[in-house]
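Read through the structure below, which is laid out as structure tokens, and then see the notes.
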Amino acid sequence: MKSSITSNGLTLRVIAGTHSAIIGIDLQENKRAGCLGFSIQRTDLGPASGAAGGVVKPPRWLPNMLRFATAPPLAAGAFATTDTAPLQKFRWGDYALYPGQRYRFRVVPRYGTPDKLLWNSGGDDPSDADGVSVEVTTEDPTHPDTMVFFNRAAAASEAFNSKFPNVKDVSEDSPEAALARKWLSNGLEEGLLAYLAQAAGPGYALHAAIYEFQKPSLLAALKAVAQTGAAVEVVYHARQKAAGEAATDATKAKNEQAITDAGLAGVPGLTLRPRQADPQAAIMHDKFVILLKKDAAGALQPIAVWTGSTNWTDGGLYGQLNVGHAVFEAKTAATYEQCFQLLAPDPTAHDLKHALEGLTPVSLLLPNGEQVVPVFSPQNNDTMLHLYASLCAGARCLFVSAPFALSPIVLAALTKRPPGTAQFMLLDKAGALGTGEEVKIIQDDPASSIAVATTLSSPLHDYQNRLLDEHEGFHHAGIHIHAKIILADPFSSDPILVTGSANFSSNSTVTNDSNSLVVRGHTAVADIYATDFMRMFEHYHFRASLAKAPITQPLGLKSDASWADKYYVKDSPDARDRCLFAGTL
């Protein structure tokens with residue numbers, strides 16, 4: 001949900017997802033003189049109508065780590081807030097929200113001096129302050145239209161250390177470690193379990209295609225569903241690498257061991273289908289589950305599909321950045337069901353390509369209007385990549401999250417950004433951009449902001465590194481950013497989202513079994529993706545900058561209005577950022 005207001009030269013726009021919000025601020029030129037920043041206040045107004053949980057809290061000022069040099073020392077355990085340490089930026093993120101909750105955000109420009117901040121042009125009373133307020137409601141992931149879940153991933157280390165100071169190993173068998181895993185999941189595991197549990201009884205079925213099929217709680221959930229009388233079928237990756245690679249790719253063996261440990265073999269109503277047809281170098285990279293329900297005539301009809309980037313492993317749920325996304329749309333679910341029926345007999349990749357070509361033909365022209373378009377691979381050609389590239393090239397604002405090397409086709413589009421546009425890229429490694437001339441163009445382009453996953457020494461990262469280096473499959477070892485996202489013009493009335501299991505690479509397009517959703521015009525879904533993308537981007541952008549140029553002097557607030565100068569340089573990236581997020585571009 002988005003809400004904005006402009007009054008007395010000040011613009012405020014708040015973009016709310018499920019757990020996060022982006023706060024965009026703009027200030028007219030005639031209000032800049034003497035402005036020392038902004039105080040931001042949040043009031044928790046309680047759950048939205050029909051939503052569960054939530055809290056009601058009195059107004060409180062959001063925190064700020066930076067302070068004026070003349071500020072007195074803080075007491076032990078205390079932290080500064082923006083009423084005394086105003087924000088000297090035009091964009092801020094609040095990442096401590098509850099889903100389905102109403103909030104009021106208030107922003108007040110501050111003047112005066114660091115030692116005597118004023119609430120308006122000459123007053124001391126905050127109740128009379130110049131400023132603006134908006135109310136927003138966070139999206140509810142239990143609602144069928146917005147069933148999207150992001151986990152917290154590795155960027156949450158500081159909050160983790162504060163919440164769970166006694167947890168040195170998240171995998172340990174203790175109540176506090178269990179709470180820590182739930183906190184890291186951030187509703188992702190719980191959301192998937194709730195989705196699976198909807199298939200309760202002989203009137204339902206689940207058809208799943210899962211690459212890394214190993215998480216005990218999820219396998220147990222499928223077993224429980226089958227024991228209610230629902231029909232459960234699972235296609236899982238069981239191809240075997242060549243002799244030289246077999247030792248490093250244990251996905252098949254791990255999947256089969258997990259199946260044995262969970263006691264799935266021989267369960268009535270539960271059918272396991274190994275995906276093992278040639279080529280053995282390809283991977284069955286899907287992570288989707290179709291929910292089916294019997295109609296009045298007793299025939300099973302697809303009613304929903306769960307997809308996204310999340311493998312069924314500890315690393316997928318608690319380590320890497322991942323997303324799970326359910327679509328309750330019969331047409332979309334039916335297309336996924338057709339794909340499942342093509343996968344179930346274990347065809348060769350050659351035969352599957354030809355079948356998929358007729359199921360989801362790819363066009364470079366995406367029709368107008370609100371819609372969800374599934375796309376499956378392997379494809380016979382690279383049209384799918386050209387579609388991604390056209391979406392990137394045409395966006396005024398672009399968000400890209402990529403775990404692995406981007407296709408040269410997509411990379412070329414990222415170098416052709418129209419004047420006045422902005423792009424934000426969240427990469428697992430700098431190598432995702434390759435090493436060619438196009439990469440240099442992207443990196444040197446002031447309109448491009450790049451964040452690369454950078455871990456810190458902490459109990460959380462030590463645990464996650466063990467998960468990702470020792471326990472994940474061949475293709476996912478050491479990957480911290482695993483969500484695959486292209487989000488074009490996220491704040492417009494016509495956002496376009498690409499999400500799913502498919503990477504934006506040639507292998508993912510023409511070799512591996514995978515899937516994507518192209519979601520157009522769903523503004524609430526775009527808000528969820530945008531806010532969680534920026535949550536991760538801001539964390540990693542700061543860390544990557546710090547790793548590149550360590551801070552040698554204490555950071556603090558400027559004592560005059562010069563902090564804002566760079567945001568008003570015409571056509572500069574900072575000026576564009578100010579207007580983009582506030583909605584004044």
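Source: prediction; values computed, not measured. FYI, side chains are in, hydrogens and waters are out, and symmetry mates aren't considered; it's all heavy atoms of this structure.
Under the 3.5 Å distance criterion, with hydrogens and angles disregarded, a donor-acceptor pair is assigned to the side chains of Tyr388 and Ser516. Residues Thr81 and Asp83 have side chains that bring a donor and an acceptor to within less than 3.5 angstrom of each other.
Using a 30° and 60° split on the angle between ring planes, Phe149 and Trp306 fall in the parallel class, below 30°. Between Phe105 and Tyr103, the ring planes are tilted. Angles from 30° to 60° get that label. The aromatic rings of Tyr568 and Phe90 lie perpendicular to each other, with more than 60° between the two planes, well past the 30° mark. In this structure, His325 and Tyr529 have tilted ring planes: the angle between them lies in the 30° to 60° band. Aromatic ring orientation, Phe160 versus Trp183: tilted (interplanar angle from 30° to 60°).
Around atom CZ of Arg396, no more than 12 heavy atoms belonging to other residues, nucleotides or ligands sit under 6.0 Å away.
A donor-acceptor distance shorter than 3.5 angstrom exists from the side chain of Ser309 to the backbone of Val323, with no hydrogens or angles considered. A distance-only check finds a donor-acceptor pair linking the side chain of Thr146 to the backbone of Asp140 [under 3.5 Å]. The backbone N or O of Ile15 sits nowhere less than 3.5 Å from a side-chain atom of Asp527 that would complete a donor-acceptor pair. A donor-acceptor pair under 3.5 Å is absent between the side-chain atoms of Thr43 and the main chain of Pro58, judged by distance alone. Arg535 places no side-chain N or O within donor-acceptor distance of the main-chain N or O of Gly93, the cut-off being under 3.5 Å. Counting only distance, with no hydrogens or angles, the side chain of Arg104 and the backbone of Gln41 share no donor-acceptor pair below 3.5 Å. A donor-acceptor pair under 3.5 Å links the side-chain atoms of Trp563 to the main chain of Cys35, judged by distance alone.
Between Asp494 and Arg520, at least one side-chain nitrogen of the basic residue sits less than 4.0 Å from a carboxylate oxygen of the acidic one, meeting the salt-bridge criterion. Between Arg32 and Asp565 a salt bridge is recorded (basic side-chain N to carboxylate O distance below 4.0 Å).
The two residues Leu406 and Ala402 make their nearest non-hydrogen contact at CD2-CB, 3.7 Å.
In this view, Arg91 and Glu538, Asp577 satisfy the side chain to side chain donor-acceptor pair (under 3.5 Å) rule, not counting sequence neighbours.
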Requested in this report: Show your working on side-chain hydrogen bond (donor to acceptor under 3.5 Å, both in side chains) between Arg110 and Ser39 and close with a plain yes or no.
Outcome: CA-CA 7 Å; Arg110 304 301 300 278; Ser39 295; 2.8 Å; yes

Query raised in the report: Can you check side-chain hydrogen bond (donor to acceptor under 3.5 Å, both in side chains) on Asn64 and Thr82, steps first, answer last?
Result: CA-CA 6 Å; Asn64 187 5; Thr82 57; over 6 Å; no

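Atom CG in Leu321 sits 6.0 Å away from atom CG in Asn151 (nearest 0.5 Å).
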